[in-house]
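What follows is one structure encoded as structure tokens, with my remarks underneath.
Because the structure is a prediction, the values reported are computed rather than measured. All heavy atoms count here, side chains included; hydrogens, waters and symmetry mates do not.
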Protein chains: 2
Amino acid sequence: MGVTRKTRNLELVLDAFRNAQEALSAQLLMERLPADVNRSTVYRLLDRLEDDGVVHSFLASENIKFYALCKECPPSVHVHSHAHFQCNSCSQVVCLEQEVVVPTLNQYRVDEAQVLLKGQCATCMR
Amino acid sequence: MGVTRKTRNLELVLDAFRNAQEALSAQLLMERLPADVNRSTVYRLLDRLEDDGVVHSFLASENIKFYALCKECPPSVHVHSHAHFQCNSCSQVVCLEQEVVVPTLNQYRVDEAQVLLKGQCATCMR
DNA sequence: TAATTAATGCGACTGTGTTGCAATAATACG
DNA sequence: CGTATTATTGCAACACAGTCGCATTAATTA
């Protein structure tokens with residue numbers, strides 16, 4: 001079950017995502033929120049927002065879960081096979097536009113694909 | 001720096017991987033080792049084996065790192081863009097043969113691609 | 001065989017994320 | 001508006017993967 005009540009914390013989290021160009025981990029998100037927002041609350045909000053299809057999540061380096069707003073995802077076909085890029089130097093994560101061609105497998109039914117590309121971002125390359 | 005000495009624990013770990021059809025997390029690996037093999041030792045062996053290019057690692061669900069033997073990877077071009085599949089029901093992880101077509105990006109230099117496909121394996125589908 | 005040093009075991013410690021529970025506050029309804 | 005309902009919150013404790021320092025053990029070297 002997802003978000004049903006409009007609370008201060010919910011608004012703060014949504015604003016943080018709207019203002020962010022990149023994907024955010026719970027940790028990064030909390031750094032952008034007032035210090036008095038509870039850690040558990042943040043995790044619970046992220047869960048609910050994901051249930052509602054408002055954000056999607058994926059794992060990046062160091063076993064850190066990142067979240068980003070779902071922009072052009074048709075909620076019906078909510079598969080998220082688009083790729084994410086993480087810079088090995090600054091650790092920043094961005095959502096890419098590209099959909100990834102998921103190989104067809106005859107032994108498995110693929111419901112979801114997580115693609116994380118890693119390398120150097122433009123800023124860290126120069 | 002990687003593995004240099006041939007120890008009992010090293011042999012046990014390598015045997016476990018050779019006998020496994022699927023990829024193993026540190027946890028799963030430890031279940032297949034004698035109980036007296038220390039947890040830290042397992043993690044350190046995995047690190048060394050990865051440094052040496054003997055195994056490769058990737059993240060699966062629940063923030064768990066999985067490891068598998070590198071079979072046909074040319075050590076020179078050690079990029080590991082091949083996909084992995086994880087069953088949402090039994091959580092088993094396998095290495096797939098398929099290489100994934102990595103999209104070319106002009107703003108980023110991609111050094112590595114991690115592709116995790118999720119769904120149902122043949123056993124869990126019936 | 002002795003010296004060197006990689007590997008190990010242990011225990012304590014991170015850091016991410018979860019949970020139970022009581023208190024608080026957003027909504028629904030009269 | 002005032003009250004009842006219940007979603008949300010804060011807190012503290014917890015779970016778990018993985019790391020680290022350090023003293024001990026054991027594989028290799030000479």
Euclidean distance, atom [atom1] of residue [X] to atom [atom2] of [N] [Å, nearest integer]:
X       : N      : atom1 : atom2 : result
B:Asp47 : C:dA7  : CG    : P     : 12 Å
B:Lys65 : D:dA17 : NZ    : P     : 14 Å
A:Tyr43 : D:dA12 : OH    : C1'   : 16 Å
A:Arg48 : C:dA26 : CZ    : P     : 13 Å
A:Asn38 : C:dC21 : CG    : P     : 18 Å
A:Asp51 : D:dT8  : CG    : P     : 11 Å
B:Leu28 : D:dA17 : CG    : C1'   : 13 Å
B:Glu62 : D:dG18 : CD    : P     : 12 Å

Under 3.5 Å donor-acceptor pair, A:Ser40 side-chain atoms to D:dA12 base atoms: yes
May I ask you to evaluate whether [X] reaches the phosphate of [N], defined as a side-chain N or O under 4.0 Å from OP1 or OP2?
X       : N      : result
B:Thr7  : D:dA26 : no
B:Thr4  : C:dA6  : no
B:Gln27 : D:dC16 : no
B:Asn9  : D:dA26 : no

For B:Asp15 and B:Arg18, run salt bridge (Lys or Arg N to Asp or Glu O under 4.0 Å): C-alpha distance rounded to whole Å, both residues' side-chain angles, the deciding distance at 0.1 Å, then the answer. CA-CA 5 Å; B:Asp15 282 347; B:Arg18 289 192 202 103; 2.8 Å; yes
Is the shortest distance from a Lys or Arg side-chain nitrogen in A:Asp51 or A:Arg48 to a carboxylate oxygen in the other one below 4.0 Å? no
Lys/Arg-Asp/Glu bridge criterion (N-O < 4.0 Å) met for A:Arg32, A:Glu22: yes
For A:Arg44 and A:Arg39, find the nucleotide of DNA chain C closest to each by heavy atoms; which residue's nucleotide sits nearer the 5' end? A:Arg39
Looking at the side chain of B:Arg5, which of D:dG18, D:dT28, C:dA26 is the nearest nucleotide? D:dT28
So which one's nearest nucleotide on DNA chain D is more toward 5', B:Tyr67 or A:Arg8? A:Arg8
Under a plain distance cut-off of 3.5 Å, with no hydrogens placed, do B:Asn9 and B:Thr7 share a side-chain donor-acceptor pair? no
Sub-4.5 Å side-chain heavy-atom contact between A:Phe58 and A:Val115: no
